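Remember, it's a predicted structure, so these values are computed and weren't measured experimentally. Atoms within each ligand, like the ligands themselves, are counted from 1 in listed order.
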Amino acid sequence: MLPFIRDINLETGLLKRFDNKVVRRLSDMRGMYADGAAEKGLIENGDPLLYEMFEVTPPETPGNLTYCTTVVYPGLVGNEYFMTKGHIHVIRDTAEIYFFTHGEGVLVCETPGGEFNEQRVNAGDVAYVPTGWAHRTANIGEDKLVFLAVYPAGAGHDYDFIAERGFRFRILRDGQNGYVVR
Ligand code: PAN
Ligand code: ZN
């Protein structure tokens, strides 16, 4: 494998070349938002696009890294901001770096033991998610929230962990662009 460079548009999150694109609509996250009636209504009326990921995926051999951009669109399901599904890595002993390049968001982290952490993030913030923490990102702004994630290739994503138990707290709207954790 040769060294390589990819060009990222910091504002849109678009990579000029990527290996894989993931698109998540609300119907891909059924049951994850608190307001089931709002979720149903939105799915029936166009099924909004919540977020997209553009991945660069070197071989999943020991020592390699994967990176990708995530673009979380602005919006609400009921009173809950658009967010990612959230996951913990299959290999629990995995840390990850998020570099936020555009927008306003909240990074939500939780351990299997129930320790909870939420932090507001803006363009320019570099977040470190330590090993053993599940993570989710919510967009609390009016524009796209964009970030670059870097993590060990082959770490895997355990979505069932969050789908089954959720996070302890949700990121809800509180006034214009404000949020409350509840
Ligand atoms: C990120 C996330 C991305 C989308 O690249 O995968 O933001 O969130 P979900 O994977 O929870 O749908 C990351 O943490 N990768 O490990
Ligand atoms: Zn991750």
Side-chain angles (χ1 to χ4, degrees), residues 6 8-15 18-33 39 47-60 64-75 77 80-112 116-123 125-141 143-171:
R6 297 288 166 91
I8 296 173
N9 181 317
L10 301 183
E11 205 167 313
T12 63
L14 267 174
L15 281 159
F18 51 87
D19 301 321
N20 190 38
K21 178 180 173 180
V22 178
V23 175
R24 298 247 211 260
R25 294 188 173 274
L26 185 53
S27 58
D28 298 315
M29 290 180 70
R30 282 178 207 273
M32 295 187 112
Y33 286 87
E39 178 191 279
D47 193 11
L49 176 61
L50 303 190
Y51 61 101
E52 295 177 295
M53 288 155 67
F54 302 92
E55 300 179 321
V56 179
T57 55
E60 293 183 359
N64 267 334
L65 299 170
T66 290
Y67 65 86
C68 68
T69 52
T70 302
V71 182
V72 186
Y73 292 95
V77 179
E80 195 170 0
Y81 286 111
F82 281 7
M83 62 185 178
T84 60
K85 278 185 170 184
H87 60 268
I88 192 166
H89 290 276
V90 174
I91 297 176
R92 298 290 198 260
D93 198 13
T94 295
E96 179 158 5
I97 285 176
Y98 278 6
F99 174 35
F100 292 86
T101 63
H102 188 77
E104 298 169 78
V106 176
L107 173 62
V108 179
C109 296
E110 188 170 318
T111 65
F116 182 86
N117 181 279
E118 58 83 16
Q119 295 188 76
R120 195 186 164 121
V121 289
N122 296 297
D125 286 339
V126 183
Y128 190 86
V129 180
T131 62
W133 285 80
H135 38 286
R136 161 180 284 169
T137 316
N139 182 350
I140 63 164
D143 199 355
K144 292 185 279 277
L145 174 70
V146 180
F147 59 96
L148 172 77
V150 185
Y151 60 98
H157 295 80
D158 180 350
Y159 289 104
D160 292 344
F161 177 84
I162 292 303
E164 283 159 16
R165 57 178 265 161
F167 282 85
R168 278 176 82 129
F169 300 106
R170 297 175 176 278
I171 307 302

| said: I'd like to know if Asp125 pairs up with Arg120 as an ion pair, taking the criterion as any Lys NZ or Arg NE/NH1/NH2 lying under 4.0 Å from an Asp or Glu carboxylate oxygen. | reply: no
| query | Do you know the tightest heavy-atom contact between Leu10 and Thr101? | reply | O-OG1, 2.6 Å
| Ile162 side chain near Met32 side chain, heavy-atom distance below 4.5 Å | yes
| message | Using a 6.0 Å cut-off, check whether atom CZ of Arg165 has over 12 heavy atoms from anything other than its own residue. | response | yes
Sequence neighbours left out, cut at 3.5 Å: what donor-acceptor pairs do the side chains of residues 49-59 make with other protein atoms?
unit_1, atom_1, unit_2, atom_2, d
Tyr51, OH, Arg24, NE, 2.9
Tyr51, OH, Lys85, N, 2.9
Glu52, OE1, Tyr73, OH, 2.5
Glu52, OE2, Lys21, NZ, 3.2
Glu55, OE1, Asn20, ND2, 2.8
Thr57, OG1, Asp19, OD2, 3.4

| field | Aromatic plane relationship, Tyr151 with His89 - under 30° parallel, 30 to 60° tilted, over 60° perpendicular | value | tilted
| said: Within 45 degrees of the ring normal and closer than 6.0 Å to the centroid, is that where the cationic atom of Arg6 sits relative to Tyr67? | reply: no
| task | Please name all residues satisfying ring-ring contact (aromatic ring centres under 6.0 Å, His included) with Phe147, sequence neighbours left out, ordered by chain then number. | result | Tyr98, Phe100
| field | Lys144 with Glu11: basic N within carboxylate O range, under 4.0 Å | value | no
| How many protein atoms of type N/O/S are positioned less than 2.8 Å from the Zn ion (ligand 2)? | 4
| task | Can you tell me which residues line ligand 1 if we count any heavy atom under 4.0 angstrom from one of its atoms, in chain and number order? | result | Arg24, Tyr51, Met53, Cys68, Thr70, Thr84, Lys85, Gly86, His87, His89, Glu96, Tyr98, His135, Phe147, Ala149, Tyr151, His157, Tyr159
